[in-house]
There are 2 protein chains.
Amino acid sequence: MSEINKDSTEEKILHAAQTVFIQKGMDGARMQEIANEAKINKALLHYYFRNKQKLFEAIFSKVFNQIFPDIRSLIFSEKPFEERLGAFVERYIDLLLKNPFLPAFILKEINRDPDFLASLIKKQGINPEEILQMIEQEMEAETICRMDPRDLMINILGLSIFPFAARPLMQMMFFNNSKKEYNEFLIKRKESVKIFILNSILVNKKQMPGG
Amino acid sequence: MSEINKDSTEEKILHAAQTVFIQKGMDGARMQEIANEAKINKALLHYYFRNKQKLFEAIFSKVFNQIFPDIRSLIFSEKPFEERLGAFVERYIDLLLKNPFLPAFILKEINRDPDFLASLIKKQGINPEEILQMIEQEMEAETICRMDPRDLMINILGLSIFPFAARPLMQMMFFNNSKKEYNEFLIKRKESVKIFILNSILVNKKQMPGG
DNA sequence: GTCTATATGGCGATAGAC
DNA sequence: GTCTATCGCCATATAGAC
């Protein structure tokens, strides 16, 4: 029981590795830089994680499971669909605001090892099929427009994630490269994305920005 | 006049470098691999482009200018806004279908060198301000909902680009990792994204998937 | 467990013949 | 312009003292 220490060397390594890997990616990261960040010796990295690949996988799965949090509780509550969808968008963008580099990191590394990615998805409790079916039920009940549920899912994710993943370019093109303005813009998107989606899928209602 | 040869060594290098850089990124790419791909010697790469960074920049600007084609002609035609927007989405997704790895590549490398990115944007004829103003005029004329024009632009780009950038994950989660099905899905999105956006922004009209 | 020192290999880059 | 050979560095990884 005594070795459960949040400031343990292993924890320090994991924290440092996450910082460096997220900014530089697997290829760009250097073991020395991670060791510096953790304020330990480089050899210790190998003592704890054998090699760079293993350390990277530890970080990637950690981060991956973090960005796909248990959505189910939000998605499958008793509230009306639009409320659940709104809550999901808000919570998701909030998560990204707290971890703004995750999207670029995930997208960057998603191609590296498809098998590893597949294993992570399986380990994860989330069942995409289940969510798609739920969306289909809503369409059946005609509370939302009929469309491919996968389109809707990917639209929701894209609208939430893209502004983070493409931040440097978007900020430069549309915000005079002002970090402050772009941050405010991202916060406002918790509302505007919600409205944009609901406007598109709600049947027979037109929700306006002000109301 | 005689040295304008499309099969020149320089062309072969550029083509090979694009293939490798797009798949592996700057950090992951190896000069040797590019040389193999071009079926030339590694030393020739340095003879033509001095170093890896310069070669990468040549590829990145080439690709960058390719993915930001002269949008103006489409955006600023005489046709009604919804038609122009629809045409833009279609043409943009078509471009991505022909170059499916560009989005991931661009997003991956967008953080590397902000100054270089800025210089590319400036060199490019596109003036984002001009497009935003045009969108604002449409809102003024009440042909589309009032909202932050930058939101609309980023929504359009995100909805078009994200399914390509996040392909491995989306394909695995929602399409049983079927490449064929995902390709068909992407093609259908030329229509569904258009509908999704127009549904959301058109005032007093509700466009349905079938009509 | 943590360190110093070193092995080992790979990569970008150059020298120099042709 | 194109090649072979090689340099010099740097990054991962290991050996071994403490």
Side-chain angles (χ1 to χ4, degrees), chain A residues 1-63 105 108-109 111-113 116, chain B residues 1-63 105 108-109 111-113 116:
Chain A
M1 296 272 188
S2 64
E3 71 271 70
I4 301 176
N5 180 2
K6 284 296 170 193
D7 287 338
S8 69
T9 304
E10 188 166 343
E11 289 293 331
K12 283 198 295 184
I13 291 176
L14 283 171
H15 189 260
Q18 178 162 338
T19 303
V20 175
F21 274 133
I22 281 186
Q23 284 181 19
K24 306 284 179 73
M26 164 66 177
D27 293 329
R30 296 290 161 245
M31 294 296 265
Q32 184 61 60
E33 194 178 351
I34 295 173
N36 293 344
E37 180 78 23
K39 284 167 187 156
I40 52 135
N41 193 274
K42 196 174 51 162
L44 271 186
L45 298 178
H46 293 86
Y47 176 79
Y48 278 92
F49 293 92
R50 272 183 64 94
N51 57 40
K52 186 183 178 182
Q53 179 64 28
K54 290 251 192 302
L55 177 56
F56 173 78
E57 289 181 4
I59 297 303
F60 188 82
S61 31
K62 182 184 162 198
V63 156
F105 174 65
K108 194 188 297 185
E109 305 298 342
N111 286 287
R112 286 190 62 78
D113 188 348
F116 179 61
Chain B
M1 296 273 187
S2 62
E3 72 272 69
I4 302 175
N5 181 3
K6 283 296 170 192
D7 287 338
S8 67
T9 303
E10 187 166 345
E11 289 294 331
K12 284 198 295 184
I13 290 176
L14 283 171
H15 188 259
Q18 178 162 338
T19 304
V20 176
F21 273 133
I22 280 184
Q23 283 179 21
K24 306 286 178 72
M26 164 68 176
D27 293 330
R30 296 289 158 246
M31 294 296 266
Q32 184 61 60
E33 194 179 351
I34 295 173
N36 293 343
E37 179 78 22
K39 284 165 186 158
I40 51 132
N41 192 274
K42 194 174 58 160
L44 269 187
L45 299 179
H46 292 87
Y47 176 79
Y48 279 91
F49 293 93
R50 274 183 65 95
N51 57 39
K52 187 182 179 184
Q53 179 63 28
K54 290 250 192 304
L55 178 54
F56 174 78
E57 288 180 4
I59 298 302
F60 188 82
S61 32
K62 182 183 162 198
V63 157
F105 174 65
K108 195 188 298 185
E109 306 297 343
N111 285 287
R112 285 190 60 80
D113 190 345
F116 179 60

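Lettering of chains follows the sequences in order, A, B, ..., and the numbering in each one begins at 1.
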Open item on the list: Whether K24(A) and D27(B) form a salt bridge (side-chain N of Lys/Arg under 4.0 Å from carboxylate O of Asp/Glu) is what I want to check.
Closed with: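 The answer is no: the pair does not qualify as a salt bridge.
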For [X] and [N], what is the distance between atoms [atom1] and [atom2] respectively, to the nearest whole Å?
| X | N | atom1 | atom2 | value |
| --- | --- | --- | --- | --- |
| N41(A) | dC18(D) | CG | C1' | 13 Å |
| D27(A) | dT12(D) | CG | C1' | 14 Å |
| E33(A) | dT12(D) | CD | C1' | 15 Å |
| I34(B) | dA13(C) | CD1 | P | 11 Å |
| K54(B) | dA13(C) | NZ | P | 10 Å |
| L44(B) | dA15(C) | CG | P | 16 Å |
| M31(B) | dA13(C) | CE | P | 6 Å |
| H46(B) | dC3(D) | NE2 | P | 15 Å |

- [ ] Give me the ring orientation class for F60(A) and F116(A): parallel if the planes are under 30° apart, tilted from 30 to 60°, perpendicular past 60°.
- [x]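 The rings of F60(A) and F116(A) sit tilted, inter-plane angle from 30° to 60°.
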- [ ] Using a cut-off of strictly less than 4.0 Å, decide whether R30(B) has a side-chain nitrogen or oxygen near OP1 or OP2 of dG12(C).
- [x]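 Checking R30(B) against dG12(C): at least one side-chain N or O falls below 4.0 Å of OP1 or OP2.
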TODO: Looking only at side-chain atoms of Y48(A), point me to the closest of dT2(C), dA13(D), dT4(C).
DONE: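 Output: dT2(C).
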Open item on the list: Under 4.0 Å, counting only non-hydrogen atoms across every strand here, what does Y47(A) touch: a base, just sugar-phosphate, or nothing?
Closed with: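 Since a base atom lies under 4.0 Å of Y47(A), the category is base.
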Open item on the list: So A29(A), base contact, sugar-phosphate only, or nothing? Heavy-atom distance under 4.0 Å.
Closed with: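 Contact class for A29(A): sugar-phosphate only.
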- [ ] Give a yes or no answer on whether the side chain of K39(B) reaches the backbone of K12(B) with a donor-acceptor pair at less than 3.5 Å.
- [x]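 Flag not set: sc K39(B) to bb K12(B) has no pair under 3.5 Å.
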Task: Neighbour count >12 (heavy atoms, 6.0 Å) for atom NE2, H15(B) - done: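 Count not over threshold, so no.
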Task: Residue closer to the 5' end of DNA chain D, E10(B) versus K42(B) (nearest nucleotide) - done: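 Its nucleotide being nearer the 5' end, the pick is E10(B).
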